[in-house]
> 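I have a structure here, written as structure tokens, and I will follow up with some questions on it.
Source: prediction; values computed, not measured. Within every chain, numbering begins at 1; the chains are lettered A, B, ... in the order of the sequence lines, protein sequences first and strands thereafter.
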2 protein chains.
Amino acid sequence: MPMATHDPAVASTAERVEQAALRLFALRGFEGTGIRSIADEAGITLGSLYHYIGTKEDLLDRLMQKSMRGLLDPGREIVETTESPRERIVKLVELHVRRHAEDNLLSIVGDAEIRSLTPARRRKAVALRDAYEALWEETISDGSRRGDFHVPDVKLATFALLEMCSGVAYWYSSNGRLSLDAITKAFVEMALSLLGVEPPVTQPDARPGGGRRRGVHP
Amino acid sequence: MPMATHDPAVASTAERVEQAALRLFALRGFEGTGIRSIADEAGITLGSLYHYIGTKEDLLDRLMQKSMRGLLDPGREIVETTESPRERIVKLVELHVRRHAEDNLLSIVGDAEIRSLTPARRRKAVALRDAYEALWEETISDGSRRGDFHVPDVKLATFALLEMCSGVAYWYSSNGRLSLDAITKAFVEMALSLLGVEPPVTQPDARPGGGRRRGVHP
DNA sequence: CTATAGCGATCGATCGACCGATTGATGGAC
DNA sequence: GTCCATCAATCGGTCGATCGATCGCTATAG
């Protein structure tokens with residue numbers, strides 16, 4: 001009974017399965033999520049679940065690929081089409097922050113669950129992640145060589161930048177204190193400042209408090 | 001047979017149990033770790049394990065408290081004894097980075113496994129974490145009000161700084177390319193630069209490559 | 001128009017394996 | 001003789017995964 005496949009208000013069962021797995025993997029982790037919970041969340045029974053997935057790990061692997069590709073492909077596009085390291089890093093930060101905010105669940109799974117993959121699949125995921133990080137490292141290295149950036153160490157700056165932008169996924173909420181545009185702009189400013197780009201001057205802001213925290217594991 | 005309790009070369013069984021749990025929780029996560037694995041890693045049988053722990057979650061809770069206390073207590077000491085926001089943030093970054101490097105496994109567990117605690121214990125852990133983060137936020141807020149720091153938003157800067165320093169736990173290796181002192185110094189520089197502290201000038205470094213990656217989940 | 005064969009989707013029941021946790025017996029130390 | 005540490009054996013429950021049956025739909029043969 002494939003009910004309401006034509007109803008746009010309800011996603012297809014296959015999509016609901018993927019969304020259910022994504023929510024639960026992000027919230028409780030891959031190992032902490034049972035297949036029965038996934039079936040429940042998707043509104044089907046356990047037996048039916050296996051008409052849509054091969055194994056539980058297949059489900060994780062698909063989400064992981066999606067997460068990685070969503071960063072790597074646009075990242076390559078940026079690097080190929082943008083000449084100046086300064087503009088490149090701005091676009092990379094914008095891409096990374098926006099995706100970690102808008103697709104925060106997928107980003108959390110992509111960042112935190114590589115270890116749950118079996119070796120063969122983990123190797124592929126690690127290769128994608130390394131390729132993406134290499135885009136940042138090249139950019140920061142180029143910018144340092146040209147004298148646009150001034151960092152104590154290229155690799156450390158790469159890790160620091162990536163990590164600080166990834167954190168957005170854990171606290172972003174669409175109805176939080178700041179708009180996504182404002183957050184993105186602020187992270188671009190902080191990234192450029194960290195990289196030692198010329199004017200570190202922004203108007204000060206000393207208002208404390210406010211804002212939401214940790215939308216995913218509170 | 002409490003073998004060699006007096007032998008300083010071999011830790012006590014209780015300590016070996018805690019270390020075993022720490023290693024496995026950091027490597028595979030709490031839910032991904034079985035109690036039989038912990039017993040194996042500690043060199044005892046499953047039955048014996050339960051002479052040292054109450055439940056598996058007790059073990060996690062103890063590690064979590066240890067992790068949080070190791071940041072919060074010295075953090076408070078720093079904030080109480082250091083006047084200038086600039087010096088305070090330098091010491092906080094040094095503390096955070098050093099601990100996330102030297103006690104990287106404990107830091108990983110403390111940062112990533114809060115979600116695995118049951119509600120009552122999770123609340124306490126979250127309270128400790130929030131108190132620690134508040135030290136950073138106060139410091140950055142004070143510095144911004146005085147005009148020492150220039151950030152687009154205090155709370156965003158707090159999250160960004162904390163997250164970038166926490167990342168160290170995932171790639172630090174004691175026999176890596178850079179010494180812990182060098183890493184700490186670099187992170188202090190990057191943090192001050194991100195905060196818009198006066199001279200962003202450091203000697204450039206454009207050497208690519210080298211160094212180790214992801215000691216924990218490779 | 002009806003009959004029926006095929007098909008994808010769904011279900012309840014069940015598999016062996018592993019989970020966290022408990023128990024009672026054994027043995028050495030003091 | 002008491003006590004603490006250790007063990008093998010075992011508990012009930014849950015895990016991921018499979019199976020055979022059934023349901024509604026659609027295409028086609030008569």
Side-chain angles (χ1 to χ4, degrees), chain A residues 1-7 10-22 24-25 27-64 109 113 115-122, chain B residues 1-7 10-25 27-64 109 113 115-121:
Chain A
M1 195 230 302
M3 69 153 278
T5 310
H6 57 290
D7 185 349
V10 177
S12 76
T13 306
E15 285 167 348
R16 275 187 293 117
V17 166
E18 190 169 296
Q19 287 303 309
L22 177 58
L24 291 169
F25 288 169
L27 187 64
R28 311 195 203 286
F30 176 75
E31 321 263 12
T33 301
I35 51 177
R36 285 163 184 80
S37 304
I38 300 174
D40 284 352
E41 183 97 354
I44 56 178
T45 60
L46 174 60
S48 302
L49 178 64
Y50 277 88
H51 274 264
Y52 294 95
I53 69 172
T55 66
K56 186 186 168 193
E57 197 199 349
D58 288 344
L59 206 38
L60 175 60
D61 194 45
R62 243 191 295 154
L63 292 171
M64 198 72 86
V109 171
E113 298 296 342
R115 68 175 177 200
S116 300
L117 291 171
T118 45
R121 289 171 145 162
R122 181 165 61 228
Chain B
M1 194 231 302
M3 68 154 278
T5 309
H6 56 289
D7 185 348
V10 177
S12 77
T13 305
E15 285 167 347
R16 275 186 292 119
V17 166
E18 190 169 296
Q19 287 304 308
L22 177 58
R23 264 193 300 261
L24 291 170
F25 288 169
L27 187 63
R28 311 195 203 285
F30 176 74
E31 320 264 13
T33 300
I35 51 177
R36 285 161 184 81
S37 303
I38 300 175
D40 285 351
E41 183 96 355
I44 57 179
T45 60
L46 173 60
S48 302
L49 178 65
Y50 277 87
H51 274 262
Y52 295 94
I53 69 174
T55 66
K56 185 187 169 192
E57 197 198 351
D58 288 343
L59 205 39
L60 175 61
D61 194 46
R62 242 191 296 153
L63 293 171
M64 197 72 85
V109 171
E113 299 295 342
R115 70 175 176 199
S116 301
L117 291 171
T118 45
R121 289 172 145 161

> If you compare all heavy atoms of Ala20(A) against all heavy atoms of Ala42(A), which two are closest, and at what distance to 0.1 Å?
CB-N, 3.8 Å
> Can you figure out which of dT10(C), dA5(D), dA21(C) approaches the side chain of Lys56(B) most closely?
dA21(C)
> Let me check something: any side-chain donor-acceptor pairs from residues 54-61 of chain A under 3.5 Å, sequence neighbours excluded? List them with distances.
unit_1   : atom_1 : unit_2    : atom_2 : d
Thr55(A) : OG1    : Glu57(A)  : N      : 3.3
Thr55(A) : OG1    : Asp58(A)  : N      : 3.2
Lys56(A) : NZ     : Phe30(A)  : O      : 3.0
Lys56(A) : NZ     : Thr33(A)  : O      : 2.8
Glu57(A) : OE1    : Thr118(A) : OG1    : 3.2
Glu57(A) : OE2    : Thr118(A) : N      : 2.8
Glu57(A) : OE2    : Thr118(A) : OG1    : 2.6
Asp58(A) : OD1    : Arg121(A) : NH1    : 3.0
Asp58(A) : OD1    : Arg121(A) : NH2    : 2.4
Asp58(A) : OD2    : Thr55(A)  : N      : 3.0
Asp61(A) : OD2    : Arg121(A) : NE     : 3.3

> Does atom CZ of Arg62(B) have more than 12 heavy-atom neighbours from other groups under 6.0 Å away?
yes
> How long is the line joining CG of Leu49(A) and P of dC15(D), in whole Å?
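Answer to the nearest Å: 13 Å.
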> Find the distance Glu57(B):CD to dC19(C):P and express it as a whole number of Å.
18 Å
> Can you find a heavy atom in the side chain of Leu27(B) that is under 4.5 Å from one in the side chain of Arg115(A)?
no
> To the side chain of Ile35(A), which of dA21(C), dT6(D), dA17(D) is closest?
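Looking only at side-chain atoms, Ile35(A) lies closest to dA17(D).
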> Are any of Tyr50(B)'s side-chain N or O atoms less than 4.0 Å away from OP1 or OP2 of dA21(C)?
yes
> How does protein reach along nucleotides 7-14 of chain D, written 5' to 3' as B (base within reach of a heavy atom under 4.0 Å), S (only sugar-phosphate), or - (no contact)?
BB------
> Tell me the interatomic distance from Leu24(A), atom CG, to dC15(D), atom P, rounded to whole angstroms.
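Atom CG in Leu24(A) sits about 12 Å away from atom P in dC15(D).
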> Hey, does the side chain of Thr13(B) come within less than 4.0 Å of dT6(D)'s phosphate (OP1/OP2), counting only N and O?
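Answer yes for this pair, as a side-chain N or O of Thr13(B) is under 4.0 Å from OP1 or OP2.
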> Does Thr33(A) reach a base, just sugar-phosphate, or nothing at all? Heavy atoms under 4.0 Å.
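Here Thr33(A) touches the backbone only, sparing every base.
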> Over how many whole Å does the gap from Leu60(B) atom CG to dG20(C) atom C1' extend?
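It works out to 15 Å between those atoms.
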> Would you mind reporting whether Ile38(A) and Glu41(A) have side-chain heavy atoms less than 4.5 Å apart?
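Side-chain contact under 4.5 Å: no.
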> How close or far is atom C1' of dA17(D) from atom CG of Asp58(A), stated in whole angstroms?
12 Å
> Can you measure Ile38(B) atom CD1 to dC18(C) atom P for me and round it to whole angstrom units?
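Going from Ile38(B) (CD1) to dC18(C) (P), I get 17 Å.
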> Between Pro119(A) and Arg122(A), is any pair of side-chain heavy atoms under 4.5 Å apart?
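When only atoms from C-beta onward are counted, Arg122(A) and Pro119(A) do touch, with a gap below 4.5 Å.
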> Does Arg23(B), at its CZ atom, have more than 12 non-hydrogen atoms belonging to other residues, nucleotides or ligands within less than 6.0 Å?
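Above 12, so yes.
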> Mind calculating the distance between CD (Glu31(B)) and C1' (dC18(C)) to the nearest angstrom?
15 Å
